[in-house]
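This is a predicted model, so every value here is computed, not measured. Along the sequence shown, residues are numbered consecutively beginning with 1.
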Amino acid sequence: MSVPRLSEVITALENLWPAERAESWDAVGTVVGDPGQEVTRVLFAVDPVQEIVDEAVQLGADLLVTHHPLYLRGTTTVAASTFKGRVVHTLIKNDIALHVAHTNADTADPGVSDALAGALDLRVVGPLVPDPTDPEGRRGLGRICELDHPLTVRELAARAAARLPATAQGIRVAGDPGATVRTVAVSGGSGDSLFGHVRAAGVDAFLTADLRHHPASEAVAHSPLALLDAAHWATEWPWCELAASQLDEISDRNGWGLRVHVSKTVTDPWTAHAASTPTSSAMGAPN
């Protein structure tokens, strides 16, 4: 088995998720790392937060690959007195590289929404928002999916709650819980900017994250579309397992013998949930 340099592993990752396919506002690619350093162990995670970096240190990882960027809007300091600066210091002191694949992984084939669909045992039909530069029509944002057999909205929500990583939020539902679902649009991460595409697709339900009040209210007013709102982190975590398996395959093909791991640390920022309890038979807003 040969030991690859960071530059070789990054080339492989860039072939999976080319940086030029990221949105113009995004910040993807290698954030920290010496191209010549050897890589033997890799950790995949959603968020480049201190808890994950500490996990990478304890694991003895040489490379941390995350979905979310560390500095999305740039910075003028990496001082360890800031929490992101402390992340940078910890990475450099421990010779751990950081590489980010964000919107370029969202639209990849396979990408973030393929992994989400796979976690829910949905059959992908095609992208929700096709990438016009892909002649095969497989890349793009979100996925249109079919169920192997019809479920009610309530049953689909229960499946999502059982198959996705557990979070304080769980799965919120808008629409008729008893309605029948045969087709579903899914989009890992924040998806309420996609309602126009979802309506055009004519699906029965839309599963995504970070749905806001007004877009969700307008969406259900337009049609009987059911909405399933999961935690942002939970909808993107399945990609870590997909990405790790892709790198495992590349490692085997090249004879690298990389040890590839997926963090199971929950970095969803919401830590508790208190369900509302009616105080009387009359429901409504308080006076």
Side-chain angles (χ1 to χ4, degrees), residues 1-48 52 56 59 61-72 91 95-119 124 126-143 187-189 235-263:
M1 292 290 183
S2 63
V3 179
R5 302 289 179 178
L6 175 63
S7 58
E8 297 175 275
V9 179
I10 295 303
T11 296
L13 298 182
E14 288 283 3
N15 285 334
L16 292 174
W17 316 298
E20 61 268 22
R21 291 187 188 150
E23 295 290 338
S24 59
W25 51 262
D26 206 358
V28 302
T30 305
V31 180
V32 170
D34 178 352
Q37 74 183 70
E38 293 185 341
V39 176
T40 60
R41 195 182 296 267
V42 182
L43 178 65
F44 282 85
V46 175
D47 296 303
I52 295 298
L59 186 66
D62 309 293
L63 171 61
L64 171 62
V65 181
T66 65
H67 182 52
H68 289 151
L70 178 62
Y71 288 108
L72 183 59
L91 290 168
D95 293 322
I96 302 172
L98 172 63
H99 186 81
V100 173
H102 192 211
T103 53
N104 48 334
D106 287 333
T107 58
D109 172 35
V112 171
S113 292
D114 292 291
L116 175 57
V124 173
L128 177 63
V129 187
D131 181 345
T133 68
D134 178 19
E136 296 183 4
R138 296 176 60 87
R139 293 196 310 267
L141 191 60
R143 294 294 183 265
S187 183
T235 63
E236 293 179 330
W237 185 85
W239 172 80
C240 295
E241 291 195 321
L242 169 63
S245 68
Q246 289 177 286
L247 183 56
D248 262 331
E249 183 181 347
I250 292 169
S251 174
D252 290 344
R253 190 164 64 242
N254 290 323
W256 289 345
L258 290 177
R259 287 162 289 179
V260 182
H261 306 262
V262 174
S263 174

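Between atom CG of residue Leu16 and atom OG1 of residue Thr11 there is a gap of 11.0 Å, rounded to the nearest 0.5 Å. In this structure, CG in Asp95 is found 11.0 Å from CG in Leu6, a value given to the nearest 0.5 Å. A distance of 7.0 Å separates CZ of Arg21 from CG of Asp131, quoted to the nearest 0.5 Å. The distance from atom CG of Asp106 to atom OG of Ser187, rounded to the nearest 0.5 Å, is 7.0 Å. Note that CD1 of Ile52 and CG of Leu59 are 11.0 Å apart. Values are rounded to the nearest 0.5 Å. Summarising the geometry, atom CG belonging to Asp62 is positioned 6.5 Å from atom CD belonging to Gln37; distances are rounded to the nearest 0.5 Å.
Looking at every heavy atom in both residues, Gly33 comes nearest to Ala97 through CA-CB, 3.8 Å. Nearest heavy-atom pair, Gly188 versus Val112, reported as atom, atom and distance to 0.1 Å: CA-CG1, 4.0 Å.
With hydrogens and angles disregarded, no donor-acceptor distance shorter than 3.5 Å links the side chain of Thr30 to the backbone of His99. Looking only at distances, a side-chain donor or acceptor of Asp114 sits under 3.5 Å from a matching main-chain atom of Gly111. Looking at Asn104, its side chain does come within 3.5 Å of a backbone N or O of His102 through a donor-acceptor pair. Between the side chain of Thr107 and the backbone N or O of Leu141, no donor-acceptor pair lies under 3.5 Å. In this structure, Glu14 contributes its side chain and Ala19 its backbone to a donor-acceptor pair below 3.5 Å. Here the side chain of Ser251 pairs a donor or acceptor atom with the backbone of Gly257 at under 3.5 angstrom. Using a distance-only test at 3.5 Å, with no hydrogens or angles considered, no donor-acceptor pair links the side chain of Glu249 to the main chain of Gln246. In this structure a side-chain-to-backbone donor-acceptor pair under 3.5 Å is present from Asp134 to Arg139.
Within 6.0 Å of CD on Glu136 lie no more than 12 heavy atoms contributed by other residues, nucleotides or ligands. Within a 6.0 Å sphere centred on CZ of Arg138, other residues, nucleotides and ligands contribute 12 heavy atoms or fewer.
With a 4.5 Å cut-off on side-chain heavy atoms, Leu13 and Leu63 count as touching. By the 4.5 Å heavy-atom criterion applied to side chains, Ser2 and Trp256 are counted as neighbours. Looking only at side-chain heavy atoms (C-beta outward), Asp26 and Pro69 come within less than 4.5 Å of each other. Between Pro127 and Arg143, some side-chain heavy-atom pair lies under the 4.5 Å cut-off. Side-chain contact check for Val100 versus His68: every heavy-atom pair is 4.5 Å or farther apart.
Just one residue in the list Val31, Leu98, Asp47 forms a side chain to side chain contact (heavy atoms under 4.5 Å, CB included) with Thr66, and that residue is Leu98.
Partners of His261 by ring pair (Phe, Tyr, Trp, His ring centres under 6.0 Å), not counting sequence neighbours: none found. Contacts of Trp239 classified as ring pair (Phe, Tyr, Trp, His ring centres under 6.0 Å), with partners at least two apart in sequence or in another chain: Trp17, His67.
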